[in-house]
Amino acid sequence: MKKNILFICLLVLFTGCDSFLDLKPIDYPVEANFYSDVKGLEGALIGAYDELQSTDQYGAKFQTLMEMRGDNVLNNNSGASGGITYQIEVFTETPANSNLSGSWLSLYNVIYRCNLILQNVETVKMTDDQRNKIAGQAAFIRALSYFNVVRLWGKAPLITKVQTVEEARNNKRAEVNAIYEQIIQDLEVAKKLPASWADSEKGRVTSYAAQALLAKVYLYRGRFADVVTELTPVVETVKKGSVLALVPMNQTFPGNLKTSKDIIFAVQYLKGGVGESVHQNNRYRNNDNGNVISLEQSEFETGDIRKAMVAPTGNGERPQKFNAPAENNETSGDFPVLRCAEVMLMYAEALNETSFPNAEALAALNAVRINAGLVAKKAADFESKEAFRAAVYKERRLELALECDRWFDIVRSNQFEVIYNMIPAYRKLYPVPQEELENVYDPTGWQNDGYTL
């Protein structure tokens, strides 16, 4: 009898196996049903925002790749983690460096999430307002991700739809111009976003953020008239001071990044969200415990309130700019991506490039200086366009110190050859991670010039 019962149980088990495995949960999201309604798309959008917080991006590694590579931050620990961070500092990184592979994968993870949203947003029933908001945010985040990709590596795969494994293994690197054109297209979509959100939604991308990032893209492309066009309405809003405004740095950093009108877009964290249960883990503090702020105090003029915010530190010390108050033994703060102060400096730079002398350019530069507690410059202080340009570059270094812009400014402004005159020019771009070359069928043309494993 027992044998018969066992036989029947086994028969039911094996004959019903296919039907059992084919069952789909009716109240739990899977990829097949997750993007079928507005709620699912909103959830996917949160996932895209969330990856920006990753330690492979603004949470840690961007500070290594974008600031420590420059001349504001120094790494003093050549032996930590096999020297992978120190290699970035001294220009000896290879395609095997995990800082590079981590950031590459994280950036393309964001791009994948945005592609899923943008690929499904047209098929889901919703209002035009809902569609514009979802598509605009996803387009902005994809544009920001590709902007970081192209500045770090130059040519790269340009993927705008979800791929099969076979398609991915056949990817080629797109030309830099093609990547920038896609970035511009995405930001034109994002410009349809609202200028502000309800307090409960604060932190989402706005039309101002889209315009500011688009202007920054044009700045990198040398399209200065387009920079002025995009920034003019943003600058007017900053001058009015109701929605956006210049705010003294010590009133924005480190504790008021969520509320300051100077912040146009930031990667947001819950308070205490960086380095769980480790109060000392903070921006620039604990990447191998060897990062120090090396920006010389002599670069600042007397009375500059920004000076103390980025005072040189020792190993493991936190700069005041990101020394946010602790909560529950954890400390963190949002990471600013676009600020009003940068908008004014981009505006000044672009106006100067289109015509010199330029009263509006001088006013924009002085607005940032006055905000920092300094006296205004006079037109007579600048004898040439080149002199004014150098002043803007200097102001950018001091205003945006530790905010992941310095390395890119060095490269785009032709300061690399002066600051690093012993470093070969191919080091302006990072090597494509080795594992990416191993994942494609034909790696021909995939690696940047000068690099070997």
Side-chain angles (χ1 to χ4, degrees), residues 38 41-42 44-53 57-58 110 113-114 117-118 121 126-148 183-219 226-247 252-253 256-270 333-347 364 400 403-405:
V38 174
L41 289 172
E42 280 286 358
L45 191 58
I46 296 302
Y49 277 107
D50 178 70
E51 185 62 22
L52 299 177
Q53 304 174 353
Q57 291 199 39
Y58 291 97
V110 175
R113 294 179 186 185
C114 292
I117 296 166
L118 293 168
V121 71
M126 66 181 85
T127 66
D128 288 342
D129 181 62
Q130 289 174 315
R131 182 171 287 105
N132 287 339
K133 286 178 178 178
I134 292 172
Q137 291 173 86
F140 176 94
I141 296 170
R142 184 169 71 178
L144 175 62
S145 298
Y146 269 124
F147 190 42
N148 285 327
I183 293 169
I184 291 168
Q185 289 177 34
D186 280 347
L187 292 174
E188 288 291 346
V189 172
K191 283 167 61 175
K192 299 175 184 177
L193 286 166
S196 62
W197 294 81
D199 288 345
S200 60
E201 302 290 333
K202 193 171 182 179
R204 292 181 183 268
V205 180
T206 64
S207 59
Y208 292 127
Q211 287 177 288
L213 184 57
L214 182 54
K216 192 166 184 173
V217 169
Y218 285 144
L219 192 69
D226 290 325
V227 175
V228 174
T229 298
E230 291 299 330
L231 287 186
T232 296
V234 185
V235 169
E236 290 304 312
T237 302
V238 172
K239 289 178 180 178
K240 291 176 182 176
S242 57
V243 179
L244 302 173
L246 287 174
V247 179
T252 295
F253 294 87
N256 296 317
L257 287 159
K258 291 187 183 301
T259 57
S260 175
K261 291 180 180 179
D262 188 47
I263 302 298
I264 300 176
F265 178 72
V267 176
Q268 293 207 333
Y269 294 81
L270 294 173
D334 296 348
F335 199 94
V337 176
L338 294 164
R339 293 199 289 117
C340 293
E342 184 180 12
V343 161
M344 301 305 286
L345 291 174
M346 289 193 293
Y347 193 60
L400 303 176
E403 295 180 42
C404 290
D405 262 297

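Nothing fancy with the numbering, it's 1 onward along the sequence.
Separating the CD1 atom in I117 from the CD atom in E42 is a distance of 9.0 Å, to the nearest 0.5 Å. With rounding to the nearest 0.5 Å, the separation of CD in Q57 from CG in L144 is 8.0 Å. Atom CG of L118 is separated from atom CD of Q137 by 11.0 Å, given to the nearest 0.5 angstrom. With values rounded to the nearest 0.5 angstrom, C340 atom SG is found 13.0 Å from K239 atom NZ. Note that the CZ atom of F147 and the CG atom of D186 stand 13.5 Å from one another [nearest 0.5 Å]. Annotation: the span from D199 atom CG to T259 atom OG1 amounts to 11.0 Å, rounded to 0.5 Å.
L45 and I134 make their closest contact through CD1-O, 4.2 Å (heavy atoms, listed as atom of the first residue, atom of the second, distance). Closest approach of P336 and A266 over heavy atoms only: CA-CB, 3.9 Å. Nearest heavy atoms, Q211 versus P233: NE2-CG, 3.4 Å. Listed here is the closest heavy atom pair of V110 and I141: CG1-CG2, 3.3 Å. The two atoms that bring V217 and I183 nearest to each other are CG2-CG2, 3.7 Å, heavy atoms only. The two residues K261 and S242 make their nearest non-hydrogen contact at NZ-O, 3.1 Å.
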- Message: Under the criterion side chain to side chain contact (heavy atoms under 4.5 Å, CB included), I'd like the reasoning laid out for L231 against M344: C-alpha separation, chi angles, the key distance, then a yes or no.
- Response: CA-CA 9 Å; L231 287 186; M344 301 305 286; over 6 Å; no
- Query: Stepwise, does the side chain to side chain contact (heavy atoms under 4.5 Å, CB included) test hold for V247 with T252?
  - Reply: CA-CA 7 Å; V247 179; T252 295; 3.5 Å; yes
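A donor-acceptor contact closer than 3.5 angstrom links the side chains of N148 and Y58. No donor-acceptor contact under 3.5 angstrom links the side chains of Q268 and Y49, judged on distance only.
Proximity of a side-chain donor or acceptor of D262 to a complementary backbone N or O of A341 within less than 3.5 Å is detected. No donor-acceptor pair under 3.5 Å is formed between the side chain of S260 and the backbone N or O of N256. Within the 3.5 Å criterion, the main-chain N or O of A44 finds no donor-acceptor partner in the side chain of R113. The backbone N or O of Y269 sits less than 3.5 Å from a side-chain atom of D334, completing a donor-acceptor pair. Using modelled atom types, no side-chain atom of E51 and backbone atom of A48 make a donor-acceptor pair closer than 3.5 Å.
Residues E342 and Y347 are not in side-chain contact: their nearest non-hydrogen atoms beyond the backbone lie 4.5 Å or more apart. Side-chain contact between L338 and V343 is absent, with no heavy atoms from C-beta onward closer than 4.5 Å. Contact of the F335 side chain with the L257 side chain is not registered, since no non-hydrogen atoms from C-beta on lie closer than 4.5 Å.
Put simply, the residue from Y208, Y146, F265 that forms a ring-ring contact (aromatic ring centres under 6.0 Å, His included) with F140 is F265. For the side chain to side chain contact (heavy atoms under 4.5 Å, CB included) criterion with I264, the lone passing option out of V337, L244, L213 is L244.
Comment: R131 engages D128 in a salt bridge, judged by a side-chain N to carboxylate O separation of less than 4.0 angstrom. The pair D405-R339 does not meet the salt-bridge criterion, since no charged nitrogen lies less than 4.0 angstrom from a carboxylate oxygen.
With sequence neighbours left out, the side-chain hydrogen bond (donor to acceptor under 3.5 Å, both in side chains) criterion links K133 to D129.
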